[in-house]
Structure formats: C-alpha cells, structure tokens
Amino acid sequence: MVWLLALPVFTAVGVVCGVENTQKIWDVDEVSNTMLLPHTIYIVELAGSAIECVLTAMTYNKSMATFDGLSQRCFTYSTKTQMDLLYLNVIRQETCAGLDPASDSGVYRVTPVPGDSFDVYCDMGSEHGPWTIIQNRQSNEVDFFRNWDEYKNGFGNLLGNFWLADALKTTNGRMFTTIDRDNDFDESRNCAETRHGAWWFRKCTNANLNGLYNYDPTNLRTSMYWRNLFGKDMYVPLKTSKMMLKKP
C-alpha cells in the first residue's frame, strides 16, 4: 500500500480570556518542529488534546496555540495583530513512519491523506520498522467471522485483537471476500463460509489468518493457518498472527 504524504493544519477560532502568566517559557529554537516560529518565546504545557491546548492558551491570554499530538506539548504565544482571536494549529502524524524512532510501540493518530485521521497501532520495535499493524490476533476474545462493512470499518481493540480497515483492496488480482460479499474465483461456493473467515480467496486459499481461533479439529481448514508454514503439516492452527504494513 502506498500512502500519500501531506501535513494538514486545522485551525480553530475562539475568544481569548484569562490572566497573563509568564512562567514556563521555552525558546522554540530548542524544539524540532517546523510549524513553530524561530526566535519566538513560547509558553509550553503538556496537554491531552487539542481542546485542552486551546484552554491552556486562554488561561495564559495567548492568541496562538500549536498542539503536537506526538509529544502532547501545547505551545502558546501572542502576536501583536491577533490579540483578539485564538488560532490553533494541530500537528498530526502522517503514518507510523513519521514518529520519532525512539517512540514506544502503541496507539497513535495518523492522517495519511488530508481530512482522513484515525488511530493505528504502530510497532516501533520489530526489525525494519516502524510498522502499521492492520491485523492482530492473540486470543479468542474477538470473532473475525464478520461481514463486509465490519471489515471495511475495522473492529476490535487496537491493544488486543483487531482488524484495521482499508485493507480490502485487490491483492495480486484477488478481491477480498466476506460472508456477505463473494468475490472469490470459486463459482460453486463462498470461500468465506467454507473457511469460516474473510480473505483474498481464490479457490479457496493457502492462508486463513481470519479463520476460527477455537477451531474444529475435524476440519482444520477453518482454523487460523498459513499453509505449509511448518513443512509437511499443511494446516497447523496458529495461536497468534500479525499483519504489518509500512510505507515504501
């Protein structure tokens, strides 16, 4: 998958109120952030969200606020011409690749294209990363036998078992198939039903990572497997799986 790169800036306007406070100043030359002005003194606070950053600026009677979602720092200052309005710049990550390499693995908000922001799990520790995780299975807590809309929108818990949307595009000429949308090449059956999962099926598949976690021992082809992963044993049920993407 190729993600377009953009750095959207969102602006909010509000009335400034509050009392001036000159503590906690920071020379922005010490901060690696191109959205901030050089040689400008900022009041810097930690903020949990852009809204909290706005409130911080109002508290200090500042007209400008920039919120960095990665570091959760809120930078506020005033201009001579904008004392009557509050402007908020929100800096967002484009992909996991935009994170500081020293960042921990975890959930981050990304904006791969302008106007389309969502949360993803970024794996910062695996080799050749960082990676964006689009599928993770580690227990039977989440049922992956779901319809097209659920796979399109994503489901589960990003800190546990989940499927991240936007992975339904054609892969190597094969379209994604679910129980309610049969796009496989087998005219006699829906492979999502016979494999009890959802995948880029052909007739049907050599991989079934969205199959049953608690499998039927009499029909291993419905289990979560990757065929021939363990040599001659073609269908060995797996306990964990993880699908990862990165921008080339």
Side-chain angles (χ1 to χ4, degrees), residues 1-4 48-49 69-70 72 92-100 103-113 115-172 174-181 183 191-193 195-201 204-216 221-227 229 236-248:
M1 176 182 292
V2 177
W3 283 338
L4 301 177
S49 66
L70 174 59
Q72 292 191 311
R92 298 188 183 276
Q93 297 300 320
E94 299 157 352
T95 69
C96 291
L99 295 174
D100 185 333
S103 299
D104 293 330
S105 297
V107 178
Y108 295 88
R109 174 142 295 204
V110 299
T111 307
V113 294
D116 185 16
S117 298
F118 51 91
D119 291 338
V120 300
Y121 189 93
C122 297
D123 182 343
M124 306 298 294
S126 295
E127 188 176 5
H128 304 305
W131 296 93
T132 299
I133 309 303
I134 66 167
Q135 186 251 35
N136 190 65
R137 301 192 71 181
Q138 58 193 38
S139 70
N140 65 348
E141 294 179 356
V142 175
D143 185 4
F144 277 65
F145 191 43
R146 296 176 179 248
N147 62 36
W148 178 272
D149 286 340
E150 289 175 297
Y151 270 95
K152 180 179 178 180
N153 296 324
F155 55 84
N157 183 343
L158 288 176
L159 295 177
N161 300 273
F162 67 87
W163 175 271
L164 185 66
D166 196 31
L168 306 188
K169 297 180 176 62
T170 301
T171 300
N172 292 333
R174 304 174 190 177
M175 295 182 65
F176 202 81
T177 292
T178 59
I179 53 175
D180 61 336
R181 191 167 300 191
N183 293 316
C191 290
E193 292 183 357
R195 292 296 192 263
H196 208 90
W199 198 251
W200 297 271
F201 293 113
C204 281
T205 184
N206 289 328
N208 194 36
L209 296 186
N210 294 325
L212 287 173
Y213 193 88
N214 289 335
Y215 59 92
D216 180 356
R221 294 187 182 189
T222 64
S223 68
M224 184 174 72
Y225 69 84
W226 193 280
R227 186 175 176 180
L229 182 63
V236 177
L238 303 174
K239 290 297 183 182
T240 63
S241 72
K242 182 183 295 184
M243 297 171 62
M244 308 188 297
L245 295 176
K246 67 177 298 185
K247 186 179 73 67

Query raised in the report: How long is the span from the CE atom in M124 to the OG atom in S103, to the nearest 0.5 Å?
Result: 5.0 Å
**Report entry** Spacing of NE2 belonging to H196 relative to OG1 belonging to T222, to within rounding of 0.5 Å
**Finding:** 7.5 Å
Requested in this report: Taking the side chain as every heavy atom from C-beta outward, state whether L99 and P130 have any atom pair closer than 4.5 Å.
Outcome: no
Query - Evaluation steps, ring pair (Phe, Tyr, Trp, His ring centres under 6.0 Å), between F155 and F162 - result: CA-CA 6 Å; F155 55 84; F162 67 87; 9.1 Å; no
Requested in this report: Would you tell me whether Q135 and N210 have side-chain atoms, one donor and one acceptor, within less than 3.5 Å of each other?
Outcome: yes
Query raised in the report: Within the side chain of Y215, is there an N or O that forms a donor-acceptor pair under 3.5 Å with the backbone of M224?
Result: no
Requested in this report: Verify the neighbour count for atom OH of Y108: are there more than 12 heavy atoms of other residues, nucleotides or ligands below 6.0 Å?
Outcome: yes
Query raised in the report: Roughly how far apart are E193 CD and D180 CG, rounded to 0.5 Å?
Result: 9.5 Å
Requested in this report: Please check if any side-chain donor atom of D123 sits under 3.5 Å from a side-chain acceptor atom of S126, or the reverse.
Outcome: yes
Report task. Quick one: pull up CD in Q138 and NZ in K242 and give me the separation to the nearest 0.5 Å. Result -> 8.5 Å
Report task. Measure the shortest side-chain to side-chain distance between W200 and M175 over non-hydrogen atoms and say whether it is less than 4.5 angstrom. Result -> no
Requested in this report: Apply the test side-chain contact (heavy atoms from CB on, under 4.5 Å) to residues I133 and L158: give CA-CA distance (whole Å), side-chain angles for both, the deciding distance (0.1 Å), then the verdict.
Outcome: CA-CA 9 Å; I133 309 303; L158 288 176; over 6 Å; no
Query raised in the report: With under 30° as parallel and over 60° as perpendicular, where do the rings of Y151 and W163 fit, or are they tilted in between?
Result: perpendicular
Query - Stepwise side-chain contact (heavy atoms from CB on, under 4.5 Å) test for L159 and V107 - result: CA-CA 8 Å; L159 295 177; V107 178; 3.7 Å; yes
Query raised in the report: Is there a donor-acceptor pair closer than 3.5 Å between any side-chain N or O of T178 and the backbone N or O of W148?
Result: yes
Query raised in the report: Given F118 and V110, is the side-chain contact (heavy atoms from CB on, under 4.5 Å) satisfied, shown in steps?
Result: CA-CA 6 Å; F118 51 91; V110 299; 4.0 Å; yes
**Report entry** Geometric cation-pi criterion, R137 with F144: 6.0 Å, 45°
**Finding:** yes
Report summary line: In I134, N136, L164, the residue satisfying side chain to side chain contact (heavy atoms under 4.5 Å, CB included) with M243 is I134
Query raised in the report: Roughly how far apart are S223 OG and L212 CG, rounded to 0.5 Å?
Result: 8.0 Å
Report task. Using atom types as modelled and distance alone, determine if a side-chain donor or acceptor of K246 lies under 3.5 Å from a backbone N or O of H128. Result -> yes
**Report entry** Shortest non-hydrogen separation from F201 to C191 and the atoms involved
**Finding:** CG-CB, 3.5 Å
Report task. State whether a side-chain donor-acceptor pair under 3.5 Å links N161 with S139. Result -> yes
Query - Residue pair W199, T177: steps toward the side-chain contact (heavy atoms from CB on, under 4.5 Å) verdict - result: CA-CA 6 Å; W199 198 251; T177 292; over 6 Å; no
Query - Nearest-0.5 Å distance that lies between atom CE in M244 and atom SG in C96 - result: 11.0 Å
Report summary line: Heavy-atom closest pair (S105 atom, Y121 atom, distance to 0.1 Å) is CB-OH, 3.6 Å
